[in-house]
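To start, the structure under review is shown below, and the notes come after it.
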Amino acid sequence: MNIRKLVSTCHSHPILPIIKHPLTRAQQFSIQPEPPNRPQGLSILATNLIKSYFEKRMLKEARKLFDEIPERDVVAWTAMISGYTFIGHYSQAWMVFLEMTREGMYPNAFTVSSVLKACKGMESCSCGAMVHGLALKHGMEGCMYVENSLMDMYATCSVSMEDACMVFQHIHAKNAVSWTTMISGYTHRGDGHGGLRVFQRMLQEEVELNPFSCSIAIRACSSIGFLSFGKQIHAAVVKHGFESILPVANSIVDMYCRCNSFSEANQYFYEMPHRDLITWNTLIAGFEKSDSSVSLYIFSLMGTEGLSPNCFTLTSVTAACANLAVLNCGQQVHGGIVRRGHEGNSALANALIDMYAKCGIIADSRRIFDQMPRRDLVSWTSMMIGYGTHGNGRETVGLFKEMVVSGIRPDRIVFMAVLSACSHTGLVDEGLKYFKSMVVDYCFTPNQEIYGCVVDLLGRAGRVEEAYELIVMMPFEPNESVWGALLGACKAHRHPNLGRLAAQKILDLRPNMAETCVILSNIFAADGKWGEFAKMRKLMRGMGIKKETGRSWIEVKNQVYSFVVGDKVGSHIELVYGWLEMLVQHMKEAGYVPDLDCLLRD
DNA sequence: GTACCTATAC
């Protein structure tokens, strides 16, 4: 729209903001009235309109209007920068800022706080530091908005909290935003303890609580599983009357879920007078990890409040289907994703890759993976884990190479996926090569989980002594999962002495590991050490240790059937035994000799 | 006329 035409059409324009400073009576009746479209007035009008355009995501219109303003002042420039920041186009905001400085326009405090938010969005500490220098040059140290945005930028982008702390220390009159920014800085970089330390200092200095600081402090409690402190903040929230503020209430639901207090999460959820989509998503995501079938049930109730699922909901629901390996249900969710046009969402596509892999349809995982316009680290990892669990280690290794070529740097989890895939495919030397490359080429220090993978890699292939040697050479004390990998290998390849050692180490670390006791007693039995076998069993009975029964389930024609060893009841049991006999027959024909040692069970 | 901090997903 042409700026000159703007004034004549302003009355009919649907999104034109109200003019707050109309002409005075004197101006209206002066003999020589000022022209109604003088530059400054137009600039104010245009700035208002630019903001409205951004709010309605009309970017081209905003830029066109901005380009047509004859004399653009700092406010118009700032409106452009904050507009691009508002919609998440941070690099664009930065470009406008550079353009502005090139034209010799000085930024004000509004500009600086907006552009710092853009630096935060770009995760660019160097750009942020440049703006910091500029802010000092223009004497903005005293401005609260500038100081708080600087802190937030450093807290998000800098390697440590040191820079943010430095800014924080120099603020004379810290306000509530300053405190909240520090708490969130620590919490969002995974240091919940650090966040709570700042929160407690805030309380000591008698700063009034506000909804922002409460919800982030609750988040800090969730992240470290500090339920008792979370409950105290919950009480403070009730006392201050913040419960009606949804982000606060939602963070409380999240806290109870993450601290595994599911009955409290559920109760709080149902007692909430108002719930929004995020409340539902929080509960669905919370239950997805602990009890996926409950998660699906909650999802089925969402419609009763007239809410429609978004990407977050569907990601959790897809993950729940993956955990339960319910293909039919997962396919229905996939249909819903396509129907709602969410196919382009990477997080959702990653969840679908995992779901199809866990439901046994690796070809569908691959189809989704291939159709993704942009694959992130998680996409590659999910696909590689999928191939690994299907025993297709060569595909995993191939994908790893492709991923590196595409410019994505692997992390520890990717290496674990490769090592585990090699282990399940018997690619021992290939796996060892990747273990070496991880340390030498990528400078990762192996942790317990990685050592566990390598022990499993060697052990599964029967190289049990080498696996033990690796454990001995570990630079730190191996945990029970590393010993567990060795124990599994000892059991499979009959190394009773090493097996006893591994089992003993696990029981030293965790005396109540029922599975370990069972395996150890089985090792004694297989070795003919019946006296020790009996002693072990007696010990287990005395300690009240009971192995949790392994339950299997299968989905047939939209119905889930579950069963345990020795099941006698259920309409489907006869069918199961029928199939079992047929499979045993097939195995015999294929020449398989069953290992009867493992039939000793509790 | 323009600005800072809070909640959900792989």
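Everything numeric in this text was worked out from a predicted model, so none of it was measured. The chains referred to below are lettered A, B, ... by the order of the sequence lines, with proteins before strands, and numbering in each begins at 1.
Distance L277(A) CG to dT8(B) P: 13 Å, rounded to the nearest Å. Atoms CG (N148(A)) and P (dC4(B)) sit 11 Å apart, rounded to a whole Å. Rounding to whole angstrom units, CD1 of residue I353(A) and C1' of dA9(B) are separated by 15 Å. Taking atom NZ of K174(A) as the reference point, atom P of dC4(B) lies 21 Å away to the nearest angstrom. Rounded to whole Å, the distance from CZ on F168(A) to P on dC5(B) is 16 Å. Rounded to whole Å, atom P of dT2(B) lies 13 Å from atom CG of L49(A). In this structure, CG of D73(A) is placed 15 Å from C1' of dA3(B), rounded to the nearest angstrom. Distance E343(A) CD to dA9(B) P: 23 Å, rounded to the nearest Å.
Proximity of K120(A) to the phosphate of dC5(B): a side-chain N or O atom is located under 4.0 Å from OP1 or OP2.
Listed nucleotides: dA9(B), dA7(B), dA3(B). Nearest to the side chain of R258(A): dA9(B). Candidate nucleotides dG1(B), dA9(B), dT2(B) were compared by shortest atom distance to the side chain of S316(A), and dA9(B) ranks first. For D254(A), the listed nucleotide lying nearest its side chain is dT8(B); candidates were dC4(B), dT2(B), dT8(B). In the set dA7(B), dA9(B), dT8(B), dA7(B) carries the atom at the smallest distance from any side-chain atom of H188(A). For K117(A), taking side-chain heavy atoms from C-beta onward, the closest of the listed nucleotides dC10(B), dT6(B), dC4(B) is dC4(B). Of the listed nucleotides (dA3(B), dT2(B), dT6(B)), dT2(B) has the atom at the smallest distance from the side chain of A79(A). Closest contact between the side chain of D152(A) and the listed nucleotides dA7(B), dT6(B), dC4(B) involves dC4(B). Picking from dG1(B), dT6(B), dC4(B) the nucleotide with the shortest atom distance to the side chain of I216(A) gives dT6(B). Of the candidate nucleotides dT6(B), dG1(B), dC4(B), dT6(B) has the atom nearest to the side chain of S215(A). The listed nucleotides are dA9(B), dC4(B), dT6(B); the one nearest the side chain of Y145(A) is dC4(B).
Rounded to the nearest 0.5 angstrom, K120(A) NZ and M153(A) CE are separated by 11.0 Å.
Scanning atom types as modelled, no donor and acceptor separated by under 3.5 angstrom connect the side chain of T78(A) and the base of dG1(B). Looking at S113(A), its side chain comes within 3.5 Å of the base of dA3(B) through a donor and an acceptor atom.
Contact annotation for N108(A): base contact, defined as any heavy-atom pair under 4.0 Å involving a base atom.
Judged purely by distance below 3.5 Å, without hydrogens or angles, the side chains of N148(A) and S178(A) pair a donor atom with an acceptor atom. For the residue pair E271(A)/Q267(A), the side-chain donor-acceptor check at 3.5 Å is satisfied.
Checked by atom type and distance alone, the side chain of D163(A) never pairs as donor or acceptor with a backbone atom of M166(A) at under 3.5 Å. R219(A) places no side-chain N or O within donor-acceptor distance of the main-chain N or O of H188(A), the cut-off being under 3.5 Å. The backbone N or O of G286(A) sits nowhere less than 3.5 Å from a side-chain atom of K289(A) that would complete a donor-acceptor pair.
The aromatic ring centroids of F262(A) and F287(A) lie less than 6.0 Å from each other.
Residues P309(A) and V317(A) form no side-chain contact, since every pair of their non-hydrogen atoms from C-beta on lies 4.5 Å or further apart.
The shortest heavy-atom contact between W94(A) and C119(A) is CZ3-SG, 3.8 Å.
Non-hydrogen atoms lying under 4.0 Å from DNA chain B are contributed by T282(A), A285(A), E288(A), K289(A), all within residues 282-299 of chain A. Near DNA chain B, meaning a heavy atom under 4.0 Å away, the residues from residues 354-390 of chain A are V378(A).
The residue from F97(A), F54(A), Y90(A) that alone fulfils the ring-ring contact (aromatic ring centres under 6.0 Å, His included) condition with Y84(A) is F54(A).
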If you apply the rule side chain to side chain contact (heavy atoms under 4.5 Å, CB included), what do you find for I362(A) with M383(A), and how did you get there? CA-CA 9 Å; I362(A) 193 80; M383(A) 199 63 237; 4.0 Å; yes
